[in-house]
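Since we're looking at a predicted model, the values are computed, not measured. In what follows, every heavy atom counts, from backbone to side chain, and hydrogens, waters and symmetry copies are set aside. In what follows, chains are A, B, ... by sequence order, proteins preceding strands, each numbered from 1.
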There are 2 protein chains.
Amino acid sequence: MTTIKDLAGIVGVSHSTVARALNDHPAITPAVKARVRAAAEAHGYIANAAARALRVQSGALVGFVVPDIEENDMAAMAKAIAECVNATGRQLVVACSGDAPERELAHVRALVGARAAALVLMPSENPLPETLALLGRLPTVQLVRRVAALAAEAFVFDDEAGIQEATAHLLALGHRRIGYVGGSETVSTGAARLAGYRRALREAGLAEDPALVSTVAPHGPAAAGAFRLLFEAARPSAIVLGGPRITLGAAEAVAELRLNVPGELSLVGFGDRAWMRWWGPGLSTVALPARELAQACGSHLVDLLRAVPRQGEAEGQAHAGALAPGLMLRGSTAPPLRGATAPPLRGATAPPPAGQAARKVPRPRPG
Amino acid sequence: MTTIKDLAGIVGVSHSTVARALNDHPAITPAVKARVRAAAEAHGYIANAAARALRVQSGALVGFVVPDIEENDMAAMAKAIAECVNATGRQLVVACSGDAPERELAHVRALVGARAAALVLMPSENPLPETLALLGRLPTVQLVRRVAALAAEAFVFDDEAGIQEATAHLLALGHRRIGYVGGSETVSTGAARLAGYRRALREAGLAEDPALVSTVAPHGPAAAGAFRLLFEAARPSAIVLGGPRITLGAAEAVAELRLNVPGELSLVGFGDRAWMRWWGPGLSTVALPARELAQACGSHLVDLLRAVPRQGEAEGQAHAGALAPGLMLRGSTAPPLRGATAPPLRGATAPPPAGQAARKVPRPRPG
DNA sequence: CTGAAAGCGCTAACAT
DNA sequence: ATGTTAGCGCTTTCAG
C-alpha cells in the first residue's frame with residue numbers, strides 16, 4: 001500500500017506536506033497540491049483510516065445497533081441512515097442484538113473499541129447498566145424505541161396517536177367490543193400503543209374490558225395464538241393489531257380460522273406492506289413513516305457530527321420528536337353486524353371522512 | 001479512555017506485559033494475567049481497534065457491498081453473514097451501491113482504506129476496472145451475482161435450474177404458449193434465468209417465440225408495464241416471472257387487469273414472500289434458499305479469514321457453487337383452458353408428482 | 001509556505 | 001517470565 005511517505009519521496013516534498021496537500025490545507029501552494037494529487041492518483045493512494053483514527057481519536061464509523069435488521073423497516077432505515085453518514089465520508093456498521101442485552105453490550109463495546117463516531121440504537125427491552133454507561137462515551141440517538149434510562153434523544157413514531165386513531169375509526173364505525181393484541185408493555189412501543197387503544201376508549205366514554213386486550217411476545221406464532229384465543233374467548237367485533245409481527249401472526253390466524261373480514265370481524269393492522277393491498281379485502285393499517293423517521297434521525301446525526309467534519313459535508317436541520325403514523329384505510333373495516341344497536345358515543349367521534357387516504361386495489365379473482 | 005499503559009501503571013508491570021496478558025499469551029504467569037484482567041475489568045478497558053489495525057495492517061471490518069439492502073433477501077443475508085463475522089470478533093459494514101458503478105467504487109475504496117479484512121460483494125451490472133483492481137487487494141466473495149471479470153469465487157443461486165423447473169412444470173401441465181418476463185440479460189442472474197426458460201423449451205422440443213419473452217429493468221412499474229404488454233400482445237396461457245421485483249410488478253398488473261389466475265393465466269413467481277400465500281389463489285413460486293446461501297458464504301468467509309483469527313473462532317466447511325432453488329407449488333398454476341388440444345411432448349416431462357412441496361393456506365373470505 | 005519531530009495505542013522482535 | 005524498544009501511517013505542533 002502506498003503511504004504519504006511514498007508520495008513524499010516521489011513528489012520530492014516532506015510527508016507532512018503531502019498530508020497537508022491531500023487535506024487541502026490552505027497554506028500549500030496550488031502547484032504543490034496539484035503535483036501531490038497527481039502522484040496520489042497515479043499510484044492509487046488510499047489513506048489509511050486506522051492511522052488517521054488513531055491520531056485523531058475518532059473513527060469514520062457509525063454504529064447501527066438494532067434487534068433485527070430483517071424486522072420492521074430496519075433495512076429501509078439502515079439504508080436511509082447509511083446514505084446520510086456516507087455523505088459525510090463515514091460508514092455504517094450494522095449489528096443485530098436479537099434483543100439480547102448481552103449481545104447488545106458486546107456490539108456497543110466493539111463499536112466503542114472501534115472509536116465509532118456515533119451510534120444509532122434501537123435499544124433492547126432492558127439494556128445492561130454497563131451498556132448505558134458506554135453509551136455516554138459517544139453521541140447516541142435512539143431510533144424506534146425509547147429507553148428512559150438513556151439520556152440520548154429519540155426518534156420514534158407517535159405510536160400512541162397511530163393506535164388511537166385506528167381505534168377511534170373502529171369506534172366511529174359503531175364497534176363497541178374492540179380487541180387489542182399487541183407487544184409487551186415493557187418496551188416503549190408496546191406501552192405507547194396500548195395507551196393509544198386505551199385513550200381512544202376513554203375518550204369515547206367506554207370502559208376497558210380486560211378480556212379484550214392481550215399482550216404477547218412479538219413473534220408470528222405467539223401472536224397468532226393470542227389472536228385466536230382472544231377472538232374465540234371474547235368475541236370482539238373488531239381487533240386492533242399493535243405491531244408488524246403481530247399483524248403477520250393475525251393474518252395467519254384469520255386464514256386458519258377462515259374468518260370473514262370485515263363481515264365477522266373488522267381488523268386494523270400495523271405497519272404497511274405490499275401484501276396488505278392484496279390480502280383478503282385489503283388490510284387497513286397504521287402506516288409508519290419509516291423512511292422519514294430515518295431521514296430525520298440521519299440528518300440529526302450529521303448535525304451531531306458536524307463538529308468533526310469530513311469529505312463532502314451535508315447540512316441538515318435536525319429535529320427530534322415523534323412522527324405521526326397515518327391510518328391507511330382499505331377493505332378490512334366495516335360497521336359491525338349489529339351496529340345499529342350500538343349506543344351512540346359521547347364526544348366528537350364523527351364517522352371518518354369519505355376517501356380519507358383510502359387506496360383500494362382490485363385483487364385477482366381466484367380461478 | 002484507559003490504555004494498556006494506564007493498566008501497566010496500575011498493575012505495576014510493563015505495557016507489553018499487559019498486552020500479552022490481555023491476549024492470553026502463554027508466557028505470562030496466571031497470577032499476572034488475573035491481576036491485569038481484574039484491572040482491565042475494573043477500569044472498563046476497551047482495546048483501541050484503530051491502533052491494533054494500524055499495527056497488524058488489517059482491521060476487524062468486513063464489507064458488505066450490495067445494490068440495495070432492502071431488495072431481495074439482502075437484509076436476511078446481511079444478518080446471516082454478520083453473525084458469522086461477529087463470531088470471529090469482526091463487524092460488518094453495509095454499503096449500498098444502488099447498482100451505480102461509481103458508488104460501488106467509492107465504497108470499495110473506503111473499505112480498502114479502512115483495511116477491511118474481507119469483502120462480500122453483490123457486484124453491480126458493470127463494475128469499473130478500478131473497482132476490480134482494488135478487489136484484488138483483499139479477500140472477496142461475490143454473493144448473488146457473478147461477474148466474469150472477477151476472480152473471486154461466487155455464492156449464487158442456481159437461477160437457471162429454478163426457472164427451468166418452473167417452466168417445465170407449466171409445460172407438463174399442458175401449456176405451450178408460455179411467456180417469460182425477467183430482468184436484463186446483462187447481469188448474471190438475468191442471463192441465467194432466461195437460459196433456464198429456454199432450456200426447458202428446448203428440452204420439450206418447442207421453438208421459442210420472441211413475442212413471448214420480455215426483459216425489462218427490474219422495477220415494479222416497468223415490470224408491470226412489460227407484463228401487461230406481453231400478456232395483451234402475445235396472449236400466453238402461462239407466464240414465468242424472472243425476479244422478485246418483476247413478480248411484484250406482475251402482481252400489480254394482474255390485479256389491474258383483473259385477470260383470473262390460474263383460469264385465464266397460470267403464473268409462477270420468483271422469490272418467496274409471506275404475501276404469496278395470501279395472494280389470490282396462492283402464488284406458486286421459485287423459492288430461493290437465501291439464508292442457506294448467506295450461511296455458506298459466511299462460513300466460507302471465516303475460512304478465508306482463519307489465517308488471522310480473533311476472539312472465539314468459528315469453524316465452517318466452505319463450499320462455493322450454486323444453490324438450487326425449490327419450486328413452491330400453490331394455487332396459481334393449472335392446465336390451460338384448451339389444454340386437451342395441446343400436442344403431446346417429447347421427452348420425459350411427466351406431470352408433476354402430486355403434493356410436491358405444496359403448501360396451501362386458506363385465505364380469508366372477503367366480506 | 002514547508003520541513004522536522006513527536007506521538008496516538010498497540011504488537012512483536014529483541015533483550016534480559 | 002517480563003521489560004525495552006521500535007515502529008505501523010497519519011496529524012499537528014513548532015521551527016524555520
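- Here B/D68 pairs with A/K79, B/E70, B/E71 under the side-chain contact (heavy atoms from CB on, under 4.5 Å) rule; sequence neighbours left out.
- Exactly one residue among A/E102, A/E104, A/R145 makes a side chain to side chain donor-acceptor pair (under 3.5 Å) with A/S124. That residue is A/E104.
- At least one side-chain heavy atom of A/M74 sits under 4.5 Å from a side-chain heavy atom of A/M77.
- Side-chain contact between A/L111 and A/L138 is absent, with no heavy-atom pair separated by less than 4.5 Å.
- For B/R55 and C/dG7, the CZ to C1' distance is 15 Å, given to the nearest whole Å.
- If one axis is set at each end of the helix from C/dC1-D/dG16 to C/dT16-D/dA1 from five pairs, those axes are 40° apart, to 10°.
- Looking at B/T131 and B/H107, their side chains never come closer than 4.5 Å, going by heavy atoms from C-beta outward.
- A/Q57 has no side-chain polar atom (N or O) that falls below the 4.0 Å cut-off from OP1 or OP2 of C/dG7.
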Show each protein N/O and nucleotides 13-16 of chain C N/O combination with a separation under 3.5 Å, one pair to a line.
unit_1	atom_1	unit_2	atom_2	d
C/dA13	N6	B/R20	NH1	3.3

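- With sequence neighbours excluded, the residues forming a side-chain contact (heavy atoms from CB on, under 4.5 Å) with A/T2 are A/D6, A/L7, A/H43, A/Y45, listed by chain and number.
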### Worked check of side chain to side chain contact (heavy atoms under 4.5 Å, CB included) between B/L61 and A/L61
CA-CA 10 Å; B/L61 297 176; A/L61 260 30; 4.0 Å; yes
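- For C/dT2, the OP1/OP2 oxygens have no side-chain nitrogen or oxygen of A/S14 closer than 4.0 Å.
- Among pairs with a residue in residues 120-130 of chain B, those fulfilling salt bridge (Lys or Arg N to Asp or Glu O under 4.0 Å) read B/R109-B/E130, at least two apart in sequence or across chains.
- Taking the side-chain contact (heavy atoms from CB on, under 4.5 Å) definition, one finds that B/P218 meets it with B/R245, sequence neighbours left out.
- For B/H15 against C/dT11, a side-chain N or O and a base N or O form a donor-acceptor pair under 3.5 Å.
- Listed by residue number, the members of residues 105-114 of chain B with any heavy atom below 4.0 angstrom from DNA chain C form an empty set.
- The line from CG of B/L54 to CZ of A/R55 is 12.5 Å long, rounded to the nearest 0.5 Å.
- For A/E292, there are no salt bridge (charged side-chain N to carboxylate O under 4.0 Å, His left out) partners, not counting sequence neighbours.
- Listed by chain and number, the residues in a side chain to side chain donor-acceptor pair (under 3.5 Å) with B/Q142 amount to none (sequence neighbours excluded).
- Annotation: the span from A/L288 atom CG to A/L293 atom CG amounts to 8.0 Å, rounded to 0.5 Å.
- Near DNA chain D, defined here as any heavy-atom distance below 4.0 Å, the residues from residues 23-48 of chain A are A/N23, A/Y45, A/A47, A/N48, listed numerically.
- In this structure, B/P127 and B/V147 have side chains that are in contact, with non-hydrogen atoms separated by less than 4.5 Å.
- Between the P atom of C/dC8 and the CG atom of B/L54 lies a distance of 13 Å, rounded to the nearest Å.
- Bracketed by its first and final contacts, the part of DNA chain D lying under 4.0 Å from non-hydrogen atoms of chain B reaches from D/dA1 to D/dG9 in 5' to 3' order.
- In this structure B/A133 satisfies the side-chain contact (heavy atoms from CB on, under 4.5 Å) test with no other residue, sequence neighbours excluded.
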